[in-house]
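In what follows, a single structure is set out as C-alpha cells and then discussed.
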Amino acid sequence: VGRCMWRAEDALEDAGFTRNLKTKNHSSRVISVKGYLKNHPVVAEVECHQSARGFLILTVSGNDSELTYKKYSSLFDSF
C-alpha cells in the first residue's frame, strides 16, 4: 500500500492536484489520496487496496468534461 500511496501523491502533484492534497488511512490495507486542481473545480482521488493481487481505484470529477478527461487520462497514464 505504501508504494501505491507514494505514486498516487506524486502523480496527483505532477498533474496539478495540489490544493487540499490529503492522504487518508481507511484501514491497514486501504489508503486514499485526494486533491483538487488549484484554479479549476476538478477533484481527483486514488484509492490503493492491498490484496493478493493489489489494485487501485482512480476517480476524477469536474464540471468541464474536456479538462476532466484530460486530467483523468494523464493520471491513468501515470499508473
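When a residue number appears, it is its place in the shown sequence, counting from 1.
For the atom pair OG1 of Thr68 and CD of Glu66, the computed distance is 10.0 Å after rounding to the nearest 0.5 Å. Considering OG of Ser65 and NZ of Lys70, their distance stands at 13.0 Å, rounded to 0.5 Å. If you take NZ on Lys24 and CD on Glu45, they are separated by 8.5 Å, rounding to the nearest 0.5 Å. In this structure, OH in Tyr72 is found 9.5 Å from OG1 in Thr59, a value given to the nearest 0.5 Å. Of the inter-residue distances, the one linking Leu56 atom CG with Leu75 atom CG reads 10.5 Å to the nearest 0.5 angstrom. The CZ atom of Phe76 sits 8.0 Å away from the CG atom of Leu58 when rounded to the nearest 0.5 Å.
Residues Gln50 and Val30 form no side-chain contact, since every pair of their non-hydrogen atoms from C-beta on lies 4.5 Å or further apart. A 4.5 Å side-chain heavy-atom check between Val46 and Cys48 finds at least one atom pair inside the cut-off. Two residues are said to be in side-chain contact when any heavy atoms from C-beta on lie closer than 4.5 Å; His40 and Asp64 fail this criterion. No side-chain heavy atom of Val43 sits under 4.5 Å from any side-chain heavy atom of Val60. Contact check for Lys71 versus Leu37: side-chain heavy atoms found under the 4.5 Å cut-off. Side-chain contact between Met5 and Val33 is present, with at least one heavy-atom pair separated by less than 4.5 Å.
With sequence neighbours excluded, no residue forms a side-chain contact (heavy atoms from CB on, under 4.5 Å) with Lys22.
In Phe79, the CZ atom is crowded: over 12 heavy atoms of neighbouring residues, nucleotides or ligands sit closer than 6.0 Å.
Side-chain atoms of Arg29 do not come within 3.5 Å of backbone N or O of His49 as any donor-acceptor pair.
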Show me the side-chain donor-acceptor pairs of residues 7-17 shorter than 3.5 Å, one per line, residues at least two apart or across chains.
from: Arg7; atom 1: NH2; to: Ser78; atom 2: O; distance (Å): 3.2
from: Glu9; atom 1: OE2; to: Thr23; atom 2: OG1; distance (Å): 2.7

